[in-house]
Structure formats: C-alpha cells, structure tokens
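Below is one structure, written out as structure tokens; comments come after it.
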Amino acid sequence: MPLIQSWISTANTADCPFPLNNLPYGVFSTTTLDPRCGVAIGDMILDCAQAEKAGLLSIGDSTIFDAPVWNTLMEQGAPTWAAFRARLTALLAKDSPDQAALSPFLIPLADAQMHMPFRVSEYTDFYAGRQHAENMGAILRGSTDLPANWLHIPIGYNGRASSVVVSGTDIHRPLGQTKAPDADMPSFGPTKRLDIELEMGAIVGTPSQMGQPITVQQADDMIFGYVLLNDWSARDIQGWEYQPLGPFQGKAFGTSISPWIITAEALAPFRVSTPPRDKKLLPYLDEQTPGLFDIQLEVTMQPAGADKATAVTQTNYSRVYYSAAQQLAHHAVCGCPMNTGDLLGSGTISGPNKSEYGSLLELSWAGQKPFTLDSGETRSFIEDGDTLTLRGNAQGDGFTIGFGDCVGTILPAVEF
Ligand code: CA
C-alpha cells in the first residue's frame with residue numbers, strides 16, 4: 001500500500017511519522033483545552049471531542065472522545081475499530097467534502113501537551129528477547145544457556161500499572177536494598193545500576209472472560225495497538241531481590257510509554273512471523289497469523305549539558321521470539337481474565353550484534369566495558385540528568401509509520 005494522500009499537506013511526505021496511513025490515538029491538552037482524545041495527522045492533531053460534538057465522528061449514541069482516555073473505544077472490538085478508522089480516513093483524505101467543517105478542530109502538535117493515552121488496567125512484562133535472555137545468562141550465570149522453560153513458555157511476571165507513565169515524565173532514581181557480593185549485610189540507598197529496557201508494549205482492547213482460554217488468533221484480534229515501552233530497571237536492587245519470585249522493586253518504580261497508540265490496523269502491512277522454533281511449541285501457542293512487526297527501534301542517550309544525544313542501540317521488534325498474541329494467549333490460558341487496558345511488555349529486545357543490545361547492562365557488559373558517548377563522557381549505567389529516548393518506525397512504500405518518542409530524564413533520588 002502506498003502513501004495515502006491527505007488534505008493536510010504535512011502528512012504527505014515520505015518521512016512524516018503521522019501520515020494518513022498511521023492515524024495514531026493520543027490524549028492531549030492545550031492551554032485552553034482539557035485533556036481529550038486526539039488523532040495525529042501530519043503536524044496537527046484532530047480534536048476528536050470537538051469533531052464528535054459537531055456530528056462528524058460518532059460511535060453509537062454516546063459521546064466518548066471528550067475523555068482523557070481511549071478505553072471506551074478500545075473495549076468495543078475490531079469491527080468498531082475498523083469502522084472508526086475508515087471514518088477518520090474518509091474525513092482526512094484528499095478531496096474530503098468535510099475539510100472546511102473539520103479545519104477548526106485541528107490543533108498544532110507543537111501546542112499540545114501529551115498525556116497517558118489509556119487507563120492501564122494491569123501491566124505484565126515478558127522476557128521474550130532471546131539474545132537478551134542469553135546475554136543475561138552469560139552476565140549473571142556465566143552461561144548463555146537459556147532457562148529450561150524458555151523455549152516452551154513466554155516467561156513473564158505481573159508488574160505495576162500504577163507507575164506506567166507517558167513520555168516526558170521525569171523519573172527519580174529509585175531507593176532500595178542492595179547487597180554487594182562480598183558484603184555481610186545489605187545496604188539501603190539510591191541504585192547505582194540504573195538501566196533501561198527497550199521493549200514494545202501491546203495494549204489489550206477487547207476483554208476475555210475468567211475461566212475461558214483464548215486462542216492465539218483470538219488474542220491477536222483482541223490487541224488494540226502498540227506503543228514503545230521503556231521498562232526502567234535498577235539492576236543492583238533486582239540482583240538482590242529476584243530469587244526466587246522474580247523482579248519486584250527493581251522494576252516497580254517506573255515504566256515509560258510513547259504517547260501515541262499505533263493501531264494494529266496501521267501496522268498490518270508490516271507483519272512478520274516469529275523466528276524459527278528450536279523446539280516445537282505446544283499447540284495452544286501455535287502462531288496462526290504472523291504476529292510480529294518489522295519496526296526499526298533506536299535508543300539515544302543525552303547527558304545533562306550535552307548538546308546532542310548519542311545513539312546507543314538500533315534493533316528491530318522482529319527479533320522477539322514470542323509475539324504479543326502468543327503472550328496474551330498464554331496469559332489467559334489458565335483462565336486469567338484479560339481486561340481492556342492491560343499492557344503487555346514484550347521483554348527487552350536485543351539483536352545478535354552488540355550494536356543491537358536493548359539494555360545498558362548488555363551494552364556495558366555489566367559495567368566491565370563502559371561505552372563512550374559523543375560528548376566524550378563514558379557510561380555503564382544511567383547518571384542523574386541523563387535523558388533516554390526510544391524511537392520506533394515502520395518503513396512503508398513511500399511512507400513511515402512513526403511511534404512518537406518515548407523520553408525520560410532521570411532525576412536524583414528523593415531525600416528520605
Ligand atoms: Ca522488562
């Protein structure tokens with residue numbers, strides 16, 4: 001599919017992140033408008049609340065877009081999502097008869113403050129990056145052998161929804177308990193090994209019922225869209241606490257997501273299959289539709305005072321071993337109900353080359369090999385004042401599906 005032309009001319013270039021092919025959903029406010037649902041197009045946002053009030057956009061009889069979340073549309077399911085997207089496409093396409101009526105409801109992106117685009121019901125984080133799992137094994141246990149279950153189960157843990165924040169939200173360096181290998185007693189204080197994890201987040205739209213398993217295909221149909229996700233991690237806190245029940249405080253202090261939900265429909269041209277299986281999966285995990293996406297990913301790091309950011313890693317979402325649909329089907333197969341607004345982290349995405357590692361722990365090999373930024377500073381982990389930015393885009397035939405940056409700056413630990 002080529003670039004679809006819009007009457008908003010800034011949407012019609014090959015490198016615009018928000019062409020008519022994209023139509024990502026966000027929540028924005030301005031100095032005069034309260035937070036509400038909006039759709040990015042070119043360098044503008046369509047104010048869906050005003051368009052709905054004017055009778056140009058509607059879903060059923062009730063008004064749903066004058067709200068600070070997209071959850072009401074998310075819960076309605078794929079046919080409604082498709083109808084809404086088709087309506088938006090018609091309104092914004094070149095030669096739309098509604099151009100004059102819609103024009104007053106376009107707000108410059110530059111004037112908008114972005115907010116969380118949906119209410120996170122629960123947050124589950126997986127561990128589906130194979131290279132990451134092998135690197136972690138090498139760093140922590142001295143062996144790249146995967147855990148015995150890894151090739152059979154999409155491993156995950158239940159994280160915290162309360163600390164999922166939108167891009168641009170600063171994160172305080174977390175406090176916690178750590179223990180040096182040669183120390184007799186643990187100590188308390190700010191983490192010394194603050195890290196990122198480059199992930200994709202999948203957002204559940206339609207819910208499932210308690211006690212009712214779902215197939216991988218049903219799971220795929222339930223996914224509303226995707227965001228970039230930075231699963232901030234305190235490696236020293238994690239290292240002391242994680243056995244036997246897995247990550248806890250080392251992950252609970254913050255998770256950042258990009259501000260625009262990129263719909264599964266917008267990403268449809270970029271579907272790719274999961275990698276070849278080393279071990280045959282149990283049938284309930286069989287992939288029915290290619291469940292990954294060809295999305296280029298990048299992370300940059302910028303120290304406070306540096307005049308530009310340095311790219312520290314570049315990889316691709318298609319590196320992941322299990323798709324979000326497989327993870328969601330696995331999550332529900334025991335009878336666990338999945339809800340509108342559930343957020344699934346893919347797991348850290350690392351490719352086979354060093355330039356593709358998705359965490360600083362891997363890039364610096366646990367601090368043994370610090371790397372140098374363009375400013376001349378070296379890093380093994382994050383220093384106070386550093387800004388980390390995740391970027392993602394899918395490259396189409398003459399168009400780009402952009403995600404919008406996922407940015408976070410680290411502030412010093414709070415006084416306690
Ligand atoms: Ca993670």
Side-chain angles (χ1 to χ4, degrees), residues 120 122-141 146-147 149-150 153-165 167 169 171 174 176 191 193-204 226-243 245-258 292 295 297-299 312-313 315-324 326-328 330-331 342-351 356-364 366 381-382 388-390 392 403 406 408 410:
V120 182
E122 299 189 58
Y123 165 48
T124 306
D125 193 30
F126 286 88
Y127 189 54
R130 181 171 187 163
Q131 186 69 46
H132 173 69
E134 290 177 350
N135 287 345
M136 293 296 275
I139 290 167
L140 299 176
R141 300 187 301 277
L146 294 165
N149 54 7
W150 200 92
I153 292 178
I155 297 174
Y157 68 95
N158 290 303
R160 292 290 302 175
S162 64
S163 54
V164 179
V165 294
S167 172
T169 307
I171 302 285
T191 177
R193 294 193 153 206
L194 185 56
D195 200 354
I196 56 160
E197 289 192 336
L198 168 60
E199 304 194 25
M200 294 292 300
I203 300 162
V204 175
Y226 293 81
V227 288
L228 305 173
L229 185 150
N230 182 356
D231 178 28
W232 302 97
S233 298
R235 300 299 181 191
D236 43 2
I237 296 172
Q238 183 185 357
W240 171 230
E241 74 181 358
Y242 84 104
Q243 290 177 315
L245 289 184
F248 190 45
Q249 303 294 81
K251 304 277 194 175
F253 59 93
T255 303
S256 299
I257 64 168
S258 50
L292 292 177
I295 298 168
L297 301 168
E298 177 185 74
V299 180
V312 294
T313 194
T315 187
N316 194 291
Y317 180 41
S318 60
R319 298 294 195 192
V320 171
Y321 195 78
Y322 296 101
S323 68
Q326 288 173 315
Q327 292 171 333
L328 182 55
H330 180 68
H331 210 325
D342 278 351
L343 175 64
L344 309 185
S346 60
T348 309
I349 304 166
S350 292
E356 291 185 76
Y357 291 174
S359 70
L360 306 187
L361 182 79
E362 295 163 89
L363 289 167
S364 73
F381 294 97
I382 302 169
L388 279 297
T389 302
L390 278 54
F403 274 73
C406 177
I410 295 300

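As the structure lists them, so they are numbered: ligands from 1, and atoms in each ligand from 1. Worth saying up front: this structure is predicted, and the values here are computed from it rather than measured.
Proximity of E362 to S350: side-chain heavy atoms (C-beta onward) are separated by under 4.5 Å at one or more points. At a threshold of 4.5 Å between non-hydrogen side-chain atoms, the residues S346 and Y317 count as touching. Looking at heavy atoms from C-beta onward, L297 lies in side-chain contact with L198 at the 4.5 angstrom threshold.
For R130, the side chain to side chain donor-acceptor pair (under 3.5 Å) partners two or more places apart in sequence, or in a different chain, are E134, D278.
Checked options T348, I349, L229, L360; the residue passing with E197 is T348 (criterion: side chain to side chain contact (heavy atoms under 4.5 Å, CB included)).
Distances shorter than 3.0 Å separate the Ca ion (ligand 1) from the protein N/O/S atoms D125 OD2, E197 OE1, E199 OE2, D231 OD2.
By the 30° and 60° cut-offs, the orientation of the rings of W150 relative to Y321 is tilted.
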